[in-house]
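Below, all heavy atoms of this structure are taken into account, side chains as well, without hydrogens, waters or symmetry copies. Since the structure is predicted, the reported quantities are computational estimates derived from the model, not experimental observations.
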Amino acid sequence: MQWKNGDTTNGQVVAGGKGHGNGLHQLNEPSDVLIDKETDSLIICDRDNRRVVRWSRRSGTTQGEILIGNIYCFGLAMDKQRNIYVSDTEKHEVRRFQLGEKNGTLVAGGNGKGNGLNQLNYPRYLFVDRDHSVYVSDNNKHRVMKWVEGAKEGIVVAGGQGEGNALTQLSYPRGIFVDTLGTLYVADSHNHRVMRWTQGDKKQSTVIVGGNGSGAGANKFKNPFGLSFDRHGNLYVVDYNNHRVQRFSIE
């Protein structure tokens, strides 16, 4: 769906909308989406169809094209060179694909499911910084990992202290965002809060929104999933079980 800024009543379908199925005009449990400005298109993880598809944003588009097939994707990211990064929750790895490439290059995980520094356990969302470091929300290990380009193992940059709600812990982390100072923002889904982890301080984080238990109030979430910032510094949070997107201005 596309929602114009300020209009919270009229969304417009820009991909899918024809029921769930595996036709090129359909999607099945899409879990993440990118905008590729260069081609004015959407790149979508069409999760339960095990594929990454591209839909043009030009009017009159009725179907997508398959970019990557046979991948149980969840999260997507794109770098400045327009390489696509995809998390695979079946193989517990992240791969980088040049547009048109079929097999990609392993950039994180790929050593089976586990909690080693060279492993991932159900990787969800991704963020890629200017140095091509890949940040991964390692969902079932309650941590966020950073894999520097070419590294054989990752670094824990948030959580990794077991599941819990202390400021040192996460519970099923989902969406992540890293600003230009290296500050990491995490949607801490089962704790119903968004956390900020400053670079160099691995020990604990601060709650920036939520953290008031599960609920439908404006200061609460029910399982926050996706995270994004606009260029004015507003934070957008996909509040999954409340079926809404919330916007917050962060100091």
Got a list of side-chain donor-acceptor pairs under 3.5 Å for residues 151-159, not counting sequence neighbours?
none

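- Distance alone, capped at 3.5 Å, places no donor-acceptor pair between the S137 side chain and the G175 backbone.
- Test N22, D46, N70, N28 against R51 for side chain to side chain donor-acceptor pair (under 3.5 Å) and you get one pass: D46.
- Applying the disulfide bond (SG atoms under 2.5 Å apart) test to every pair with at least one member in residues 128-162, sequence neighbours left out, gives no pairs at all.
- Side-chain contact between D138 and Q119 is absent, with no heavy atoms from C-beta onward closer than 4.5 Å.
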Test log, rule side-chain contact (heavy atoms from CB on, under 4.5 Å), inputs D188 and N165: CA-CA 9 Å; D188 189 12; N165 62 4; over 6 Å; no

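- Pairs of residues two or more places apart, or lying in two chains, that qualify as ring pair (Phe, Tyr, Trp, His ring centres under 6.0 Å) and include a residue from residues 39-87 are F74-Y125.
- Counting all heavy atoms, side chain and backbone alike, R96 lies closest to E101 at O-OE1, 4.1 Å.
- Here the two rings, on Y185 and F248, have centers that are 6.0 Å apart or farther.
- Checked by atom type, the side-chain pair D230/S228 shows no donor-acceptor distance below 3.5 Å.
- Residue pairs meeting the ring pair (Phe, Tyr, Trp, His ring centres under 6.0 Å) criterion with at least one partner in residues 149-177, sequence neighbours excluded, are F127-F177, H142-Y172, Y172-H190, F177-F229.
- For Y122, the ring-ring contact (aromatic ring centres under 6.0 Å, His included) criterion is met by no residue, not counting sequence neighbours.
- Without hydrogens or angle criteria, D40 side chain to S56 main chain gives no donor-acceptor distance under 3.5 Å.
- Grouped by direct or indirect side-chain proximity (heavy atoms under 4.5 Å, Ile/Leu/Val/Met/Phe/Trp/Tyr only), I71 sits with L34, I43, V52, L67, I68, L76, M78, I84, V86, F97, L99.
- Using a cut-off of 4.0 Å between Lys/Arg side-chain N and Asp/Glu carboxylate O, R82 and D36 are scored as salt-bridged.
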